[in-house]
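Values below: all heavy atoms of this structure, side chains included; hydrogens, waters and symmetry mates excluded.
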Amino acid sequence: MLIKRSPNGLDLPFSSEITPQEVYESRRKFIKQMAAGAVAGSALWEMANREAFAQTTAPQKLAGKLNPAYSALDKQTPFKDASTYNNYYEFGTDKSEPAVNAHTLRTRPWTVSIEGEIKKPMTLDIDGLLKLAPIEERVYRLRCVEGWSMVIPWQGFSLSELIKRVEPNGNAKFVEFTTLADPKQMPGIRSPVLEWPYVEGLRMDEAMHPLTLLTMGMYGQVLPNQNGAPVRIVVPWKYGFKSAKSIVKIRFVKEMPRTAWNVSAPNEYGFYSNVNPDVDHPRWSQGSERRIGEDGFFQKKRKTLMFNGYPQVAWMYTGMDLKKNF
């Protein structure tokens, strides 16, 4: 077999179309060899997982005018890191697996059903969602419950734009989001690690807050599959798992939804899951975080900010015990 030397020094089979899986496996093998016997082997092994999976097709652009009123000034996380270091258990529990496995996700045709306690139920395809309101770019901090963070430029518009159009009635107290659960497209569905389909939810005032973003893109292009294509929610003042990916149903309900992680481990993952440095996870502190792509393993972690640095949401929790309602 002919061998092609790639720009980063990896030997790959010569082909007019090298697959993403070949790129990924070659890079993992290369850096694993580098890490063998090294003191920093574990750090290099994570670098192998993150470095790795590159798309071989040109991404589809998704333009949006920057909205500075809702954009953080923090240094942005490199796209490479944000698109290869992911939690998306439907495609695997390792951080590198979604980028490798999510190529099986078919994002067109795609429809989202909006139903429940509303006057105007509807079903929209992805093109209909894109035309619902002007697309904006917003740079949000993302804080994972695991103690790491990113800063990502997203493309979308406030979820409230959709909510106003379907006209919730007086019984609508919460909004429930349901993710696609198809074992033919999502190998992780075969695992009982969570109750499928993945469900998340927000209180109505949280869903209506202008920061809550109905998101179709990131870094000026449509969402990569591993980041929740073709449509997801981004709620920047809550831990990342609250931001449901690959949504197929939005339902307005009377009662608090049974959300995936709250069902799985209610003592660890509350319904609200606001970023709160004063409420530790039972197994680790939430007082600090490691910024992916910027803060290395041996650097001092940065302090975590209340509500992830979005104090404009604090009014929604006035009078609540945030240690009890975690």
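- In this structure, E97 contributes its side chain and T93 its backbone to a donor-acceptor pair below 3.5 Å.
- D321 and K323 make their closest contact through OD1-N, 3.0 Å (heavy atoms, listed as atom of the first residue, atom of the second, distance).
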Sequence neighbours excluded and cut-off under 3.5 Å, please list the side-chain donor-acceptor pairs for residues 257-268, or say none.
{"unit_1": "R258", "atom_1": "NH1", "unit_2": "E195", "atom_2": "OE2", "d": "3.2"}
{"unit_1": "N262", "atom_1": "ND2", "unit_2": "Y269", "atom_2": "O", "d": "2.8"}
{"unit_1": "E268", "atom_1": "OE1", "unit_2": "H281", "atom_2": "NE2", "d": "3.2"}
{"unit_1": "E268", "atom_1": "OE1", "unit_2": "R283", "atom_2": "NH2", "d": "2.7"}
{"unit_1": "E268", "atom_1": "OE2", "unit_2": "R283", "atom_2": "NE", "d": "3.2"}
{"unit_1": "E268", "atom_1": "OE2", "unit_2": "R283", "atom_2": "NH2", "d": "3.4"}

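- Using a 4.5 Å heavy-atom cutoff, the side chains of Y272 and L322 are not in contact.
- Two residues are said to be in side-chain contact when any heavy atoms from C-beta on lie closer than 4.5 Å; L105 and L180 meet this criterion.
- Cation-pi geometry between R143 and Y239 is not met: the NZ or CZ atom fails to fall both under 6.0 Å from the ring centre and inside 45° of the normal.
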**Message:** For a side chain to side chain contact (heavy atoms under 4.5 Å, CB included) check, start with the C-alpha distance between R106 and D182, then their side-chain angles and the critical distance, and finish with the verdict.
**Reply:** CA-CA 10 Å; R106 299 186 299 273; D182 182 356; 4.2 Å; yes

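- Minimum heavy-atom separation, F252 to I250: CE1-CG2, 4.0 Å.
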**Prompt:** Between Q155 and T215, does a side chain to side chain contact (heavy atoms under 4.5 Å, CB included) hold up when you go through it step by step?
**Reply:** CA-CA 6 Å; Q155 279 72 44; T215 307; 5.9 Å; no

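- Annotation: the span from M306 atom CE to N276 atom CG amounts to 3.5 Å, rounded to 0.5 Å.
- No donor-acceptor pair closer than 3.5 Å links the side chain of D81 to the backbone N or O of I292.
- A chain of hydrophobic side-chain contacts below 4.5 Å, direct or via other Ile, Leu, Val, Met, Phe, Trp or Tyr residues, connects W154 to F79.
- Linking ILVMFWY side-chain heavy atoms closer than 4.5 Å, directly or via other members, places V275 and V279 in two distinct hydrophobic clusters.
- Using a 4.5 Å heavy-atom cutoff, the side chains of I233 and E200 are not in contact.
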**Request:** List the steps and the verdict of side-chain hydrogen bond (donor to acceptor under 3.5 Å, both in side chains) for N274 and W237.
**Result:** CA-CA 6 Å; N274 292 319; W237 71 93; 3.3 Å; yes

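- The minimum heavy-atom distance between S191 and W196, with the atom names listed, is O-NE1, 2.8 Å.
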**Request:** Could you go through the side-chain hydrogen bond (donor to acceptor under 3.5 Å, both in side chains) check for R141 and T77 one step at a time?
**Result:** CA-CA 10 Å; R141 301 180 196 90; T77 300; over 6 Å; no

**Request:** Could you go through the side chain to side chain contact (heavy atoms under 4.5 Å, CB included) check for K301 and E289 one step at a time?
**Result:** CA-CA 5 Å; K301 293 183 177 181; E289 64 200 66; 5.9 Å; no

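- Considering every non-hydrogen atom in both L130 and R108, the closest pair reads CD1-NH2, 4.3 Å.
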**Request:** Apply the test ring-ring contact (aromatic ring centres under 6.0 Å, His included) to residues Y85 and W148: give CA-CA distance (whole Å), side-chain angles for both, the deciding distance (0.1 Å), then the verdict.
**Result:** CA-CA 11 Å; Y85 191 88; W148 54 265; 5.1 Å; yes

**Item:** Check against side-chain hydrogen bond (donor to acceptor under 3.5 Å, both in side chains), E146 and N87
**Value:** CA-CA 10 Å; E146 296 170 342; N87 278 329; 3.3 Å; yes

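- Taking every heavy atom of both residues into account, A229 and S246 meet most closely at O-OG, 2.6 Å.
- With rounding to the nearest 0.5 angstrom, the CD atom of E161 is 10.0 Å from the CG atom of L214.
- Rounding to the nearest 0.5 angstrom, the gap separating the CG atom in L213 from the OG atom in S160 is 10.0 Å.
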**Message:** One pair to check against side-chain hydrogen bond (donor to acceptor under 3.5 Å, both in side chains): K95 and N86. What are the steps and the verdict?
**Reply:** CA-CA 5 Å; K95 295 291 187 296; N86 308 109; over 6 Å; no

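- Looking at heavy atoms from C-beta onward, E136 lies out of side-chain contact with K65 at the 4.5 angstrom threshold.
- A continuous path of hydrophobic side-chain contacts links I135 to Y219 [ILVMFWY only; heavy atoms under 4.5 Å].
- Scored by the ring pair (Phe, Tyr, Trp, His ring centres under 6.0 Å) test, F307 finds Y317 as partners (sequence neighbours excluded).
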**Asked** ring-ring contact (aromatic ring centres under 6.0 Å, His included) between Y88 and F241: does it pass, once the steps are laid out?
**Response** CA-CA 9 Å; Y88 198 171; F241 68 86; over 10 Å; no

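- Taking the ring axis of F177 as reference, the NZ or CZ atom of K245 does not stay both within 45° of it and closer than 6.0 Å to the ring centre.
- Residues Y140 and M150 form no side-chain contact, since every pair of their non-hydrogen atoms from C-beta on lies 4.5 Å or further apart.
- Both W110 and Y198 are assigned to one and the same hydrophobic cluster, defined by single-linkage of ILVMFWY side chains at heavy-atom distances under 4.5 Å.
- Proximity of K173 to V253: side-chain heavy atoms (C-beta onward) are nowhere separated by under 4.5 Å.
- To the nearest 0.5 Å, atoms CE (M316) and CE (M204) are separated by 13.0 Å.
- When hydrophobic side chains of Ile, Leu, Val, Met, Phe, Trp and Tyr are connected at separations under 4.5 Å, V151 ends up clustered with L66, V139.
- Residues T123 and I114 have side chains not in contact (no heavy-atom distance under 4.5 Å, counting atoms from C-beta outward).
- The number of heavy atoms from other shown groups lying within 6.0 Å of CD (E255) does not exceed 12.
- Annotation: side chain of V199 is not in contact with side chain of T179 (no heavy-atom distance under 4.5 Å).
- The main-chain N or O of S285 is never found under 3.5 Å from a side-chain atom of D280 such that the two would form a donor-acceptor pair.
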**Prompt:** Taking it one step at a time, do L194 and Y89 satisfy side chain to side chain contact (heavy atoms under 4.5 Å, CB included)?
**Reply:** CA-CA 8 Å; L194 288 172; Y89 280 15; 4.1 Å; yes

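- Rounded to the nearest 0.5 Å, atoms CD (Q286) and OG1 (T304) are 7.0 Å apart.
- Here CZ of R302 is found 6.0 Å from OG of S149. Values are rounded to the nearest 0.5 Å.
- Transitive grouping of hydrophobic side chains (ILVMFWY, heavy atoms separated by less than 4.5 Å) keeps Y70 and L73 in distinct clusters.
- Residues M122 and R165 share a closest heavy-atom pair of CE-O, 4.3 Å.
- In this structure a side-chain-to-backbone donor-acceptor pair under 3.5 Å is present from Q226 to S83.
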